[in-house]
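Both counts, for ligands and for their atoms, begin at 1 and track the order of listing. Note that these values count all heavy atoms, side chains included, but never hydrogens, waters or copies made by symmetry. Just so you know, these numbers come straight off a predicted model, no measurement behind them.
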Amino acid sequence: MLTQDQLKLAVAKKALEFVPEDAIIGVGTGSTVNLFIEELAGIKGRIKGAVSSSEASTARLKAHHIPVFDLNEVEKLPVYIDGADEINHHLHMIKGGGAALTREKIVAGVADEFICIADEQKYVAMLGTFPLPIEVIPMARSYVARELVRLGGHPELRQGVTTDNGNVILDVHGLQIMKPVELEEIINHIAGVVTCGLFARRRADVLVLGKQSGVEVLR
Ligand code: 5RP
């Protein structure tokens, strides 16, 4: 029986197959991506560098002497490699467990292909068991929370967390997300919401899924 960490390592290694030669690639955030960065360090001579989705990943990339580019300097990212908190068979995701959702969504938006690396515990029939993270401008926190209650959720302020952009995170419990694309739009239209952790409009293109039976690649 492989542990969750062993499955994360297996997908981190497999993700190297999706790294194009001589390119700048997008790199996400989280414990699975941390393992991927370790693997990337072993082939760093093959890429030009990376655009990072968080201060934490930037620090790790730099510690391995992998050049980190500002997104504004880069016109094209062939791939963005990142984890997820939940992912369904449409490759819609919940992200933001590491509070990096806004920068993740921006970098993913630029990339031609989103490669999601996840272990099988993240692969779900319906999104919503993992509380949905929402990045919110601090002064709008209570208003946005009331609006989320109207949508049937139970928002909780993530204690002690300020995002890289200086905002707060509301984690919304109790949502059964049957229509991820629609819900993403509705939440993103509440004034004061910076980004909702649903990645449905920009879903993953490829899922590298770590299972007990081996690593599967789903499209
Ligand atoms: C960070 C994220 C991560 O991709 C997500 O939380 C998965 O993390 P991990 O690989 O540690 O399970 O969205 O904001």
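- Here is the list of ligand 1 atoms found below 4.0 Å of a heavy atom in Thr29: 1 (C), 2 (C), 3 (C), 4 (O).
- Using a 4.0 Å heavy-atom cutoff, Ala99 is listed among the residues neighbouring ligand 1.
- For the residues Gly83, Gly30, Gly96, Ser53, the heavy atom positioned nearest atom 13 (O) of ligand 1 is part of Gly96.
- Counting non-hydrogen atoms of neighbouring residues, nucleotides and ligands closer than 6.0 angstrom, the NZ atom of Lys13 reaches no more than 12 such neighbours.
- Atoms of ligand 1 lying under 4.0 Å from any heavy atom of Lys8, numbered from 1 in the order shown and given with element: 12 (O).
- In this structure, the protein non-hydrogen atom closest to atom 10 (O) of ligand 1 is Thr32 OG1, 2.6 Å.
- Close approach of ligand 1 to Glu104 (heavy-atom distance below 4.0 Å) involves ligand atoms 1 (C), 2 (C), 13 (O), 14 (O).
- Per-residue contacts place Ala100 under 4.0 angstrom from the following atoms of ligand 1 (heavy atoms of the residue considered): 14 (O).
- Enclosure of atom CD in Gln176 is not indicated, since only 12 or fewer non-hydrogen atoms of other residues, nucleotides or ligands lie within 6.0 angstrom.
- The protein heavy atom nearest to atom 4 (O) of ligand 1 is Lys95 NZ, 2.9 Å.
- Summarising the geometry, atom CD1 belonging to Ile187 is positioned 11.5 Å from atom CD belonging to Glu185; distances are rounded to the nearest 0.5 Å.
- The nearest protein atom to atom 12 (O) of ligand 1, hydrogens excluded, is given as Lys122 NZ, 2.9 Å; this is a heavy-atom distance.
- Atom OG1 of Thr162 is separated from atom CG of Asn167 by 8.5 Å, given to the nearest 0.5 angstrom.
- On a distance-only criterion, Val33 and ligand 1 share no N/O pair closer than 3.5 Å.
- The contact set between ligand 1 and Asp82, taken as ligand atoms under 4.0 Å from a residue heavy atom, comprises 4 (O).
- Scanning Asp85, Ile94, Thr163 for the heavy atom closest to atom 5 (C) of ligand 1 points to Asp85.
- Take Phe114 and apply the ring pair (Phe, Tyr, Trp, His ring centres under 6.0 Å) test, not counting sequence neighbours, and it matches Tyr80.
- Taking SG of Cys116 as the reference point, atom NE2 of His92 lies at 12.5 Å (rounded to 0.5 Å).
- Partners of Asp112 under the salt bridge (charged side-chain N to carboxylate O under 4.0 Å, His left out) rule, at least two apart in sequence or in another chain, are Lys76.
- Val193 has its side chain out of reach of Ile137: every pair of non-hydrogen atoms, C-beta onward, lies at least 4.5 Å apart.
- At a heavy-atom cutoff of 4.0 Å, ligand 1 is contacted by the backbone of Ala84 but not by its side chain.
- The pair Arg103-Glu55 meets the salt-bridge criterion, with a side-chain N (NZ, NE, NH1 or NH2) lying under 4.0 Å from an Asp/Glu carboxylate O.
- Among protein heavy atoms, the minimum distance from atom 11 (O) of ligand 1 is reached at Ser31 OG, 2.5 Å.
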